[in-house]
Amino acid sequence: MGSPRSEFLRVVTERGFVHQCTDTDGLDQKLIAGAQVCYIGFDCTADSLHVGSLLPIMLLRWWQKTGNKPIVLMGGGTTRIGDPSGKDEARRMLSDADINANMAGIQSVFGKYLTFGSGATDAEMVNNADWLDKLNYIDFLRDYGRHFTVNRMLTFDSVKMRLEREQPLTFLEFNYMILQGFDFLELWRRQRCILQMGGSDQWGNIVNGVELSRRVDQAEVYGLTSPLLTTSSGAKMGKSAQGAVWLNQEKLSNWDFWQYWRNTEDGDVGRFLRLFTEMPLDEIARLEALQGAEINEAKKILAGEVTRLARGDAAAAEAAETAKKTFEQGALGDTLPTVLIPAAELTAGIPAFQLFVRAGLVASNGEARRLIQQGGAKVNDEAVKDAMAPLGTASFKDGAIKLTAGKKRHALVKAE
C-alpha cells in the first residue's frame with residue numbers, strides 16, 4: 001500500500017513502530033471511518049514494568065492521541081500460566097497474592113501516558129481474570145479448542161525455539177496462546193475491540209486471536225506488531241549494568257532513569273527520539289545529524305523528554321540539574337545515588353576497592369581492583385592510584401565522598 005491515510009498508521013509508520021500488520025489496508029480503512037478500540041496485554045510478572053515495555057505503552061499513547069480508545073489488558077489470569085514467547089524455560093509460578101500486588105505496581109505507570117475515564121476515547125484497564133477465571137474447561141475446549149491445530153501451533157517461533165533448543169514446553173504453557181486468542185475474541189465481544197498490538201515475539205499469539213475472532217464471530221479484527229528493540233551494539237532494551245531499568249520511581253531513582261537515556265549509544269539517538277518522545281520529526285532529524293561532542297546535547301534532550309513523560313516535569317528538571325552540577329560544575333549533585341556507611345567505619349577508613357563494591361559501582365573486589373588499575377576509578381574527581389588507600393571522613397567533601405566508575409557512573413558515600 002501507499003502512505004496510510006489514517007493519522008494513527010501514518011504517525012506510527014513514520015516514527016518506526018511498525019514491524020508487521022495482518023492487513024494494513026483494512027485497518028487503515030477502519031481508522032478512517034471513525035474512532036476504534038485496540039488493546040495491548042501486559043502480564044503481571046513483576047511489580048513494575050521496565051523500559052522494554054515503553055514501546056507498546058507509547059503505541060497506546062499515540063492510539064489515544066489520534067482519537068481512538070486504548071485498552072490496557074492486565075493478565076491477571078494468563079500470568080498464572082506464563083507466556084512461553086522468547087523464553088528458554090518456564091516462568092516461575094506466582095501466587096494470586098503476588099499477581100495482585102504486581103498488578104497494583106504496574107497500574108500506576110499507565111496514568112502518566114494515558115487519560116483514563118468514561119469518555120468515548122478514554123483509556124480503560126481490564127483484567128483477563130474477569131473472564132478466564134469463569135471458564136468451564138470442557139465447554140472451552142469444545143467451543144474454542146477445535147479452532148486451533150497443533151500442526152499450526154508448532155510453526156510459531158515461540159514454540160519452535162523451545163523445541164529446537166530441547167527445552168521442555170509444558171502443556172500449561174502450550175495453552176497460553178489459546179487463552180490469549182480468547183482474550184481478543186472476548187474484548188471484541190465486550191468492547192468491539194478491532195486491534196491487538198504487541199512486540200514482534202507476540203505475532204503468533206496475535207494471529208491466533210485474529211483467526212479465532214473471525215472464525216467464531218466473523219469479526220473484522222487486526223493485529224499489528226512492533227520491532228523487538230536492541231541497541232546498536234546488540235544489547236536488549238531495558239537492562240543496564242546495574243540491572244533492570246524500571247519505570248516505577250520507587251524501583252529506580254529519577255537520576256538513574258535519566259542517566260540510562262543520557263548514556264544512549266550515538267547510533268540510537270534518532271531512533272529513540274522517534275519512538276520514545278513526541279518531538280517533531282524535523283527536529284529529531286536535526287538532532288540525530290549532530291556530530292562529535294554535540295550529539296551529547298541530543299542525548300540530554302532524549303533523557304529529559306523520556307524522563308518527563310515517565311516521571312513528570314519536576315523529575316526531569318531535577319535529574320538535569322544534578323547532571324549539570326556533577327559533570328559541568330564538579331559539585332556534588334543532591335540526587336546522586338547515596339550509600340550510607342556507619343560513621344565508625346569511615347573514621348577508621350575503608351580500602352578504596354572495597355568502598356567501590358559497597359557503593360554498588362562494581363560487582364566484586366576483583367572488578368574494583370581492575371577498575372583502579374586501569375585508571376577508571378575516581379574519588380572526588382581525582383584518579384585513585386592505590387586500591388588499598390583508606391577512604392573515610394578525611395576524604396569528605398561537602399559532607400560526602402564522591403565515587404566515580406568510568407565516565408558516567410557516580411555515587412555518594414555519607415556517614416550514618
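Sequential numbering from 1 along the given sequence is applied to the chain's residues.
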Evaluate the side-chain proximity of [Y] to [X]: yes if any heavy-atom separation is below 4.5 Å, no if none is.
X      : Y      : value
Val18  : Ser226 : no
Ile57  : Lys112 : no
Lys378 : Leu403 : no
Cys38  : Gln196 : no
Phe276 : Leu229 : yes
Leu412 : Ile401 : no
Val357 : Ser364 : no
His410 : Thr322 : no

In terms of side-chain geometry, is the basic nitrogen of [X] or [Y] positioned less than 4.0 Å from the acidic oxygen of its partner?
X      : Y      : value
Arg61  : Glu278 : yes
Glu283 : Arg286 : yes
Arg190 : Glu186 : yes

Roughly how far apart are [X] [atom1] and [Y] [atom2], rounded to 0.5 Å?
X      : Y      : atom1 : atom2 : result
Ser48  : Lys251 : OG    : NZ    : 6.0 Å
Ser6   : Leu27  : OG    : CG    : 6.5 Å
Leu309 : Tyr113 : CG    : OH    : 5.5 Å
Leu273 : Leu302 : CG    : CG    : 5.0 Å
Arg262 : Asp256 : CZ    : CG    : 14.5 Å
Asp43  : Asn102 : CG    : CG    : 10.5 Å

Residue that, paired with Trp63, satisfies side-chain contact (heavy atoms from CB on, under 4.5 Å) out of Val12, Thr121, Val11, Leu31: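 In the set Val12, Thr121, Val11, Leu31, the residue that makes a side-chain contact (heavy atoms from CB on, under 4.5 Å) with Trp63 is Leu31.
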Criterion side-chain contact (heavy atoms from CB on, under 4.5 Å) against Cys193, the qualifying member of Val126, Leu185, Leu187: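 Going through Val126, Leu185, Leu187 one by one, the side-chain contact (heavy atoms from CB on, under 4.5 Å) with Cys193 is satisfied by Leu187 alone.
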Between [Y] and [X], do the side chains contain a donor N or O and an acceptor N or O under 3.5 Å apart?
X      : Y      : answer
Gln191 : Glu124 : yes
Asn248 : Glu250 : yes
Ser232 : Asp268 : yes
Gln202 : Asn205 : yes

Working note: Met125 + Leu114, criterion side-chain contact (heavy atoms from CB on, under 4.5 Å); need CA distance, chi angles, decisive distance, verdict. CA-CA 11 Å; Met125 185 171 283; Leu114 302 173; over 6 Å; no
Which residue pairs pass the salt bridge (charged side-chain N to carboxylate O under 4.0 Å, His left out) test with at least one member in residues 303-317, sequence neighbours excluded?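 Every salt bridge (charged side-chain N to carboxylate O under 4.0 Å, His left out) pair that includes a residue of residues 303-317, provided the two are not neighbours, is Glu305-Arg308.
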Apply salt bridge (charged side-chain N to carboxylate O under 4.0 Å, His left out) to Glu297 and Lys300, showing your working. CA-CA 5 Å; Glu297 293 308 308; Lys300 290 177 189 175; 3.3 Å; yes
Sub-3.5 Å donor-acceptor pair from the side chain of [X] to the main-chain atoms of [Y], do we have one?
X      : Y      : value
Glu211 : Gly209 : no
Ser108 : Gly105 : yes
Arg15  : Leu275 : no
Lys134 : Asp130 : yes
Asn68  : Gln36  : yes
Asn128 : Asp183 : no
Thr66  : Trp62  : yes
Asn263 : Gln259 : yes
Ser53  : Leu49  : no
Thr225 : Gln20  : yes

Would Phe396 and Leu346 count as a side-chain contact (heavy atoms from CB on, under 4.5 Å) if you check the C-alpha gap in whole Å, the side-chain angles of each, and the deciding distance to 0.1 Å? CA-CA 10 Å; Phe396 274 18; Leu346 289 171; 3.8 Å; yes
Ring centres of Phe110 and Phe116 under 6.0 Å apart?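 Distance test on ring centres: not under 6.0 Å, no.
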Please tell me whether Trp246 and Phe257 form a close aromatic pair, meaning their ring centres lie under 6.0 Å apart.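 Centroid distance Trp246-Phe257: not below 6.0 Å, so no.
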Mind running side-chain contact (heavy atoms from CB on, under 4.5 Å) on Phe356 and Val384 for me, showing each step along the way? CA-CA 11 Å; Phe356 275 81; Val384 180; 4.3 Å; yes
For [X] and [Y], which heavy atoms make the closest approach, and how far apart are they?
X      : Y      : result
Met197 : Ile40  : O-CG1, 3.4 Å
Thr347 : Thr393 : CA-OG1, 3.9 Å
Ile284 : Gly270 : CG2-O, 3.7 Å
Ala368 : Val362 : CB-CG2, 3.7 Å
Ala316 : Gly304 : CB-O, 3.6 Å
Tyr39  : Gln180 : OH-O, 3.8 Å

By side chain to side chain contact (heavy atoms under 4.5 Å, CB included), which residues pair with Arg10, not counting sequence neighbours?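 Side chain to side chain contact (heavy atoms under 4.5 Å, CB included) list for Arg10, sorted by chain: Glu7, Glu14.
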Output, in order, the C-alpha distance, side-chain angles, deciding distance and verdict of side-chain contact (heavy atoms from CB on, under 4.5 Å) for Lys299 and Trp261. CA-CA 7 Å; Lys299 293 179 184 180; Trp261 297 100; over 6 Å; no
